[in-house]
Amino acid sequence: MREPNARIHLLATAIAMGAAIWLGLDGDDWRWIVAMIALVWIAEILNTALETLADTLHPAQAEGIRIAKDLAAGAVLVAAITAVLVGLLTFWPYLFQ
């Protein structure tokens, strides 16, 4: 795993899965956690694919490439923020039972 952000996502995945096991989430709540983990990983994979393709096809700096890469990174950020919010909504009731 050569992408630094992928390591962060791997750690977050392990924490979320560990918390879900520890708190004894029911099946419906597990579905939300798994869906959010998948969403973030899919966004990260697509971001890496776009960046790799752009760097291969156009190694020189170009404004359009920079914008495309920024937008792809922004999609990962939106996915990660969404996952955190869904995680808070999902885990909150279990923490205060």
Side-chain angles (χ1 to χ4, degrees):
M1 196 174 306
R2 62 188 181 133
E3 295 294 322
N5 287 338
R7 290 186 182 107
I8 294 169
H9 297 312
L10 184 60
L11 177 62
T13 296
I15 290 169
M17 297 291 268
I21 292 167
W22 181 62
L23 293 170
L25 267 61
D26 67 23
D28 289 335
D29 290 330
W30 265 105
R31 286 182 195 95
W32 283 109
I33 298 303
V34 170
M36 290 302 101
I37 289 169
L39 173 70
V40 172
W41 278 106
I42 290 166
E44 182 63 40
I45 290 165
L46 291 173
N47 177 51
T48 301
L50 183 139
E51 287 184 352
T52 302
L53 180 64
D55 291 343
T56 301
L57 294 177
H58 201 292
Q61 295 289 335
E63 185 64 12
I65 297 290
R66 184 194 65 76
I67 291 169
K69 289 166 89 173
D70 285 350
L71 288 170
V76 176
L77 180 61
V78 169
I81 290 170
T82 301
V84 168
L85 293 173
V86 170
L88 288 172
L89 291 169
T90 303
F91 288 126
W92 191 266
Y94 290 90
L95 293 171
F96 296 100
Q97 264 178 273

ILVMFWY network linking [X] to [Y], side-chain heavy atoms under 4.5 angstrom:
| X | Y | result |
| --- | --- | --- |
| Met17 | Leu10 | yes |
| Leu95 | Ile33 | yes |
| Leu23 | Ile21 | yes |

Rounded to the nearest 0.5 Å, how far apart are [atom1] of [X] and [atom2] of [Y]?
| X | Y | atom1 | atom2 | answer |
| --- | --- | --- | --- | --- |
| Asp70 | Glu51 | CG | CD | 9.0 Å |
| Leu71 | Leu50 | CG | CG | 9.0 Å |
| Thr13 | Ile8 | OG1 | CD1 | 11.5 Å |

task: Using the side-chain contact (heavy atoms from CB on, under 4.5 Å) rule, pick out the option among Val40, Leu39, Leu46 that qualifies with Ile42.
output: Leu46

Side-chain donor-acceptor pairs under 3.5 Å in residues 75-90, sequence neighbours left out?
| unit_1 | atom_1 | unit_2 | atom_2 | d |
| --- | --- | --- | --- | --- |
| Thr82 | OG1 | Val78 | O | 2.8 |
| Thr90 | OG1 | Val86 | O | 2.7 |

- line: In short, ring-ring contact (aromatic ring centres under 6.0 Å, His included) pairs touching residues 55-97 with sequence neighbours left out are Trp92-Phe96

Closest heavy-atom pair and its distance - [X], [Y]:
| X | Y | result |
| --- | --- | --- |
| Ala16 | Ile37 | CB-CD1, 4.3 Å |
| Ala6 | Trp41 | O-CH2, 3.4 Å |
| Asp29 | Asp26 | N-OD1, 2.9 Å |

- prompt: Do Lys69 and Asp55 pass the side-chain contact (heavy atoms from CB on, under 4.5 Å) test, and can you show the C-alpha distance, the side-chain angles, and the key distance before you say yes or no?
  reply: CA-CA 10 Å; Lys69 289 166 89 173; Asp55 291 343; 2.7 Å; yes

task: Apply ring-ring contact (aromatic ring centres under 6.0 Å, His included) to Trp22 and list each qualifying residue two or more places apart in sequence or on a separate chain.
output: none

